[in-house]
Amino acid sequence: MIEIKDLHKSYKMGSNSLHVLKGINFKAEAGELVAIMGSSGSGKSTLLNILGMLDEADSGEYTLDGVPIKNLNETKAAKYRNKFLGFIFQSFNLINYKSALENVALPLYYQRIPRKERLAKSMKYLEMVGLKEWSHHLPNELSGGQKQRVAIARAMVGEPKVLLADELTGALDSTTSYEVMDLIQKINDQGNTILVVTHENDIAHMCKRIIHLKDGVIEKDEKVKQVRASQYV
Amino acid sequence: MFNRDRWKEILEVLTSNWFRTVLTAFGVFWGILILIILLAAGKGFQNGVMADFGDIATNTMFMWSRNTTKEYMGLPKGRSYNFKLEDVQAIKDNVPNLRFVSPRNQLGGFRGANNVTRGINTGAFGVYGDYPEIINQDPMTITSGRFINHSDIIEKRKIAIIGEGVKSSLYDKGEEVIGTYIKIQGVNFMVIGTYKKRNNDGDGEEAQKEIFIPFTTFSQAFNRADNVGWMAITAQDGSSITSLKERIVALVKQNRKIHPEDKRAVGYFDLYEQYNRIESLFAAMSFIAYFVGILVLISGVIGVSNIMLIVVKERTKEIGIRRALGEDPWSIKLQIMMESIFLTFISGMAGISFGALLIYIINAILDANGPVDMFLSPSVSLGVVVAALVILIISGLLAGYIPAQSAIKVKPIDALRTE
């Protein structure tokens, strides 16, 4: 599903440049639930941004579902993001003047799907994350966990190839975190490919595979026995 | 463009900070209001001044004789001369594109001595010997009877058409006028018609105190032989009297044995040139109105642009999110441009409507209080309103362009990081 080869990325900070990713190679198959772990500055967010086509690598290859991702202009990148990827952010990033339902419907809107169909489909996904009754509430009327579940529904609604989650539990307390991870595991059980960036060990162990990043290189890439979040809920 | 979600979003954005939106809109509202009012006031002034020209044929010159100032062909300078009827015929024969050439003779006039009597009533009036065509050059409304016709000219009938002012000073109220006689310098004339002139400038009253009699009768009764006092010459529509006057004057000089270089011997007044001068004055006025109005409008539009920049700045993160979710940059640009155009357009429409209301009120007041000098029915034409709307849409576009550009200039990754 995802294949990257010898990925390099450096940032220019005034006169000196900071080499963040120093040749990353990995492959993720369809249906995998991968955690990318590392301390801050290890390059995990940069890697996720490149995978999410929000940032571009300096060199290296990136193939997503057989499509080589390179030389993207903004319009094309936007189209690929819409078609291939679902984003889940640490700070939820919901649009605060739109209701939960409208937030979920956004990716479909960008696909120019007719309004009725769009809202029906979004409702279905909101129901899946258990927020059907909250569909017409604005984000600031929802709790943190609810917001993240709306964000997950929004990431899922476009039926992307890959879900990218950046510290999705970072702003949540542990109980809520486990609830959200339970949802992520269930989505993964249905065969969706999910990449989770985290620095929390327990969250990482709820995935099926952990990639440890350190100073811009992969230090360790291990399959782990998945801890089901449902036992904590 | 006409999709519900986009419009919903435009309204959501613009109504999220009412006070700011209204203040911004006020700039554009004010600009277009001033533009409309300036144009309407200019138009009102123009209407007023143009009404003073009355229905007079503006493509007209008046020509009269003065003393020569140069010797010529053995004739001394300082000689006084008269136009002759043959000059009128010569002009008609030799100068093309003329509609009317009317010779006129005049008796009395402004502050003249009493020259007309009827019974025990006397009065001082301007008496004109005229051809029937003069009614087209100096229009008047015949209120009873008729005007001079060609039979009157040929048969030299002693008839007169008198103004309403003459009627009121020589006749009692309600008295029958047609068929009665008045005595002009001792000669009796039968009144066969009355007229009223419409121009409403300062000469309004004087203009009603004139008496028209046939030119030939005038010549005979008052011993003018074939002399012509002055002429009113009107060119055909499409050719201007200003371009023909040189030829006319040259022809008259030749016939009257006047030195061709003698610039003072023939007096003339080119109404068309004056009219054009006033026309160009109004053209300049409306240019100034547009100029000032559009400058004020521009400051309003800059306000819109400014606010749109702030809105974009405030929404940087939101725009980042939307781009991460896969919105086309063009769609974002379009969104911002449409917000800007919408705001400009709505406030502009409000300005136009309010301006129209003001003009309506001013007109109502003017109507109620009677005419004011040099000001008449201020208005703006539909063309101006359409032009204003086009200006609004274009300026909305311009106001939105820079903010829209800055909205998609930020990379989505940077936009997401802003708080």
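Hydrogens, waters and symmetry mates are skipped; everything else that's a heavy atom, side chains included, is used. The sequence lines fix the lettering, A, B, ..., with proteins before strands; numbering per chain opens at 1. Only a predicted model underlies this, so the values are computations on that prediction, with no experimental measurement involved.
- Using modelled atom types, one side-chain atom of R81(A) and one backbone atom of R323(B) make a donor-acceptor pair closer than 3.5 Å.
- With rounding to the nearest 0.5 Å, the separation of CG in L325(B) from CG in N103(A) is 8.5 Å.
- In this structure, chain B has a heavy atom under 4.5 Å from the side chain of F87(A), while its backbone stays farther away.
- In this structure, the side chains of R6(B) and Y109(A) come closer than 4.5 Å at one or more pairs of heavy atoms.
- Looking at L85(A), neither its backbone nor its side chain comes within 4.5 Å of chain B, counting heavy atoms on both sides.
- Heavy-atom neighbours of K121(A) NZ from other residues, nucleotides or ligands within 6.0 Å: above the threshold of 12.
- Distance check, rounded to the nearest 0.5 Å: CG of N49(A) to CG of L416(B) gives 8.0 Å.
- Interatomic distance, CD1 of I413(B) versus CE of M53(A), reported as 13.5 Å (0.5 Å rounding).
- Neither the backbone nor the side chain of K83(A) comes within contact range of chain B, judged by heavy atoms closer than 4.5 Å.
- Remark: F375(B) CZ is packed, more than 12 non-hydrogen atoms of other residues, nucleotides or ligands lying under 6.0 Å away.
- When each of Q111(A), K76(A), E102(A) is scored by its heavy-atom pairs under 4.5 Å with chain B, the top score falls to E102(A).
- At a 4.5 Å heavy-atom cutoff, the contact between D55(A) and chain B is made by side-chain atoms alone.
- Residue contact with chain B, scored on non-hydrogen atoms closer than 4.5 Å, involves the side chain of R118(A) exclusively.
- Atom CD1 of I402(B) sits in a sparse spot, with 12 or fewer heavy atoms from other residues, nucleotides or ligands closer than 6.0 Å.
- A heavy-atom distance below 4.5 Å is not found between the side chains of I332(B) and E74(A).
- Only the side chain of R315(B) comes within contact range of chain A, judged by heavy atoms closer than 4.5 Å.
- The CD1 atom of I95(A) sits 10.0 Å away from atom CD of E12(B), with the distance rounded to the nearest 0.5 Å.
- Taking every heavy atom of both residues into account, P412(B) and L54(A) meet most closely at CB-CD2, 3.9 Å.
- Enclosure of atom CZ in F291(B) is not indicated, since only 12 or fewer non-hydrogen atoms of other residues, nucleotides or ligands lie within 6.0 angstrom.
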